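All of these numbers come straight from a predicted model, not from anything done at the bench. Each chain gets a letter, A, B and so on, in the order the sequences are listed, and its residues count up from 1.
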Number of protein chains: 2
Amino acid sequence: MEPVKAQKTLVEQTYDILLDAICSGEIQPGERLNQDDLAVRLNVSRQPVNSAISILRAQRLVADTGRRGVVVAPIDMAMFQSIHEMRQKLDPFAAELACLRKPDTAPDEAAAILDRGARALAQQDARALLQADVDFHAMLYRWSGNTFLEGAMALGWNHTRRFMAVALRTPSAPQIVWTEHRAILERVMARDTDAAAALMRDHLENAIDRLGFRDETGAPR
Amino acid sequence: MEPVKAQKTLVEQTYDILLDAICSGEIQPGERLNQDDLAVRLNVSRQPVNSAISILRAQRLVADTGRRGVVVAPIDMAMFQSIHEMRQKLDPFAAELACLRKPDTAPDEAAAILDRGARALAQQDARALLQADVDFHAMLYRWSGNTFLEGAMALGWNHTRRFMAVALRTPSAPQIVWTEHRAILERVMARDTDAAAALMRDHLENAIDRLGFRDETGAPR
DNA sequence: GACCTGTCTTTCGTATACGAAATTCGGATG
DNA sequence: CATCCGAATTTCGTATACGAAAGACAGGTC
């Protein structure tokens with residue numbers, strides 16, 4: 001028999017819902033989080049809401065106002081550039097590691113994610129496309145076998161999703177993105193570390209151009 | 001006049017105390033966190049303790065037992081190796097960025113940290129030495145101007161401190177560590193990106209050897 | 001004596017209660 | 001009419017209360 005599944009606590013459920021609302025832009029940056037209001041809307045007491053907000057605060061997804069309560073953290077261009085700067089180092093690294101350590105289920109997973117990307121592309125579903133993009137990169141982090149990298153980047157994606165939700169109403173050249181994704185995965189499957197890392201580097205370089213901003217603070221390449 | 005300082009909430013204070021107790025090994029890995037007990041000892045109600053634990057859980061510093069309550073997360077060698085693997089990429093990168101973006105106060109800060117390291121070295125104070133080591137690297141992360149890197153690594157150091165607290169009772173060759181630290185800072189001050197990054201790479205390579213373990217999973221160099 | 005089972009105790013998650021600080025707003029003052 | 005001040009209201013942080021589930025234990029059964 002199957003052991004019963006430990007159901008999530010109200011704190012976790014509340015956290016998950018708030019996280020998604022913040023990252024999807026459903027709650028706008030700068031908007032206040034009213035605990036009473038949220039408690040009523042989520043049909044819980046204020047206690048789980050309060051705890052969930054404590055977690056979000058530790059993750060810098062909400063900010064103290066110094067007065068009363070918290071607001072959704074403003075979209076911080078510097079934060080986004082920080083993440084992207086880090087990804088330029090870590091995504092190729094993760095691709096290398098994934099070549100070496102990918103699990104046996106990799107082919108199936110790869111096929112599934114490419115399929116999901118292709119379908120979102122065909123249906124011009126921007127939201128599904130963004131989610132598939134997140135999942136693609138998260139999958140490589142997972143394959144890298146580096147749990148810390150995986151966790152750190154999970155947080156990074158939450159911030160990135162926020163940024164995308166407001167800045168990227170027009171998905172720029174998504175078919176190219178997924179062609180690149182496919183090429184990267186193909187090299188990972190072949191355990192071709194150098195090529196996978198190189199393709200990933202190009203992928204991120206191109207992403208910068210597509211998003212139309214470039215780091216002017218002089219990061220080394 | 002100075003604006004009054006918003007004093008920390010009980011949740012934050014509780015979190016800080018628990019974090020330090022966990023990272024320093026004062027509360028052993030696997031040990032249970034009893035909310036009532038902690039509340040009494042910290043002279044607060046269970047409510048702030050409960051919230052603080054929620055944050056620690058999100059950071060994987062405590063783990064659910066599936067039954068009742070949480071325990072301090074066991075020392076996870078894989079987690080530590082993950083962090084070290086990532087640092088091999090990120091610390092040299094941070095050093096490069098620090099060369100380009102270090103603040104004007106850098107010389108003073110550098111002098112202070114080197115002095116602190118030297119004193120801890122002279123007094124053979126292992127705890128102060130570990131803290132100075134943490135602070136040295138954290139300083140470079142800060143100088144890198146990459147806020148996300150800084151935040152992610154702050155979490156990493158918490159895990160690392162835990163590991164050090166149990167595994168590294170004998171500080172191995174600390175004088176060499178600080179000679180290397182001094183050399184790195186000297187290159188950062190001279191804005192010599194390539195040399196700073198190279199020295200940092202060596203520093204981490206050496207650290208692996210000193211700690212007596214090596215990654216056998218085949219990470220690329 | 002070993003093991004089962006029902007009950008008591010502990011401890012958690014969550015709800016509610018309460019005091020304090022922040023904000024709002026109306027009336028007094030110029 | 002604009003401005004200031006203080007009471008009323010809102011909303012937060014924290015304390016306490018309560019129900020449920022886990023663990024401990026004792027008495028009964030074989």
Side-chain angles (χ1 to χ4, degrees), chain A residues 1-19 21-22 26-74, chain B residues 1-19 21-22 26-74:
Chain A
M1 288 196 294
E2 280 295 296
V4 297
K5 60 197 178 299
Q7 54 204 358
K8 287 194 171 185
T9 66
L10 294 189
V11 174
E12 285 175 87
Q13 293 184 59
T14 304
Y15 169 79
D16 288 342
I17 292 171
L18 288 181
L19 179 66
I22 289 171
E26 187 180 330
I27 311 179
Q28 291 282 317
E31 198 171 329
R32 276 200 44 199
L33 293 182
N34 183 312
Q35 298 187 357
D36 280 313
D37 182 42
L38 290 171
V40 171
R41 294 213 322 228
L42 301 182
N43 194 33
V44 295
S45 78
R46 261 186 51 225
Q47 159 68 19
V49 175
N50 189 297
S51 284
I53 287 177
S54 289
I55 299 173
L56 292 170
R57 188 188 348 234
Q59 297 175 340
R60 309 236 180 189
L61 284 164
V62 301
D64 281 307
T65 60
R67 316 266 172 184
R68 191 157 38 171
V70 298
V71 296
V72 174
Chain B
M1 288 196 293
E2 280 294 295
V4 297
K5 61 199 178 298
Q7 55 205 359
K8 287 193 169 183
T9 66
L10 294 189
V11 175
E12 285 175 87
Q13 293 184 59
T14 303
Y15 169 79
D16 288 342
I17 291 172
L18 288 181
L19 179 65
I22 290 170
E26 187 180 330
I27 312 179
Q28 291 282 317
E31 199 171 327
R32 276 199 45 200
L33 293 183
N34 183 313
Q35 298 187 358
D36 280 312
D37 182 42
L38 290 171
V40 171
R41 293 211 325 226
L42 300 182
N43 194 34
V44 295
S45 78
R46 262 187 50 226
Q47 159 68 21
V49 175
N50 190 295
S51 284
I53 287 177
S54 289
I55 299 173
L56 292 169
R57 184 181 359 228
Q59 297 174 340
R60 309 238 177 185
L61 284 164
V62 301
D64 280 307
T65 60
R67 316 266 170 184
R68 192 158 34 171
V70 298
V71 296
V72 174

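Counting heavy atoms from C-beta on, the side chains of K8(B) and D16(B) come closer than 4.5 Å.
The interatomic distance linking D36(A) (CG) with dG13(D) (P) rounds to 11 Å, in whole Å. For the pair L38(B) CG and dT11(C) C1', the interatomic distance rounds to 12 Å; values are reported in whole Å. One interatomic measurement links the two molecules: CG of D64(B) to C1' of dT11(C), which rounds to 15 Å at whole-angstrom precision. In this structure, the CG atom of L33(A) is 13 Å from the C1' atom of dT11(D), given to the nearest Å. When the P atom of dC12(D) is taken as reference, atom CD of Q35(A) falls 5 Å away, rounded to whole Å. Between the CD atom of Q13(B) and the P atom of dG13(D) there is a distance of 14 Å, rounded to whole Å. Atom CD of E12(B) is separated from atom P of dC12(D) by 16 Å (rounded to the nearest Å). Atoms CG (L10(B)) and P (dT14(D)) sit 4 Å apart, rounded to a whole Å.
In terms of phosphate contacts, N50(A) brings no side-chain nitrogen or oxygen within less than 4.0 Å of OP1 or OP2 of dT14(D). Regarding contacts with the backbone of dC12(C), a side-chain N or O of R32(B) is found under 4.0 angstrom from either OP1 or OP2.
Comparing R57(B) and R46(A) by the nucleotide of DNA chain C that holds the closest heavy atom to each, the one mapping nearer the 5' end is R57(B). Mapping Q47(B) and V70(B) onto DNA chain C by nearest heavy atom places V70(B) closer to the 5' end of the strand.
Residue-to-nucleotide contacts include a donor-acceptor pair under 3.5 Å from the side chain of R68(B) to the base of dT10(C).
Closest approach of V62(B) to I53(B), counting heavy atoms only: CG2-O, 4.1 Å.
Around the CD atom of E31(B), the shell of radius 6.0 Å holds more than 12 heavy atoms that belong to other residues, nucleotides or ligands.
Rounding to the nearest 0.5 angstrom, the gap separating the CG atom in L38(B) from the CG atom in N50(B) is 11.0 Å.
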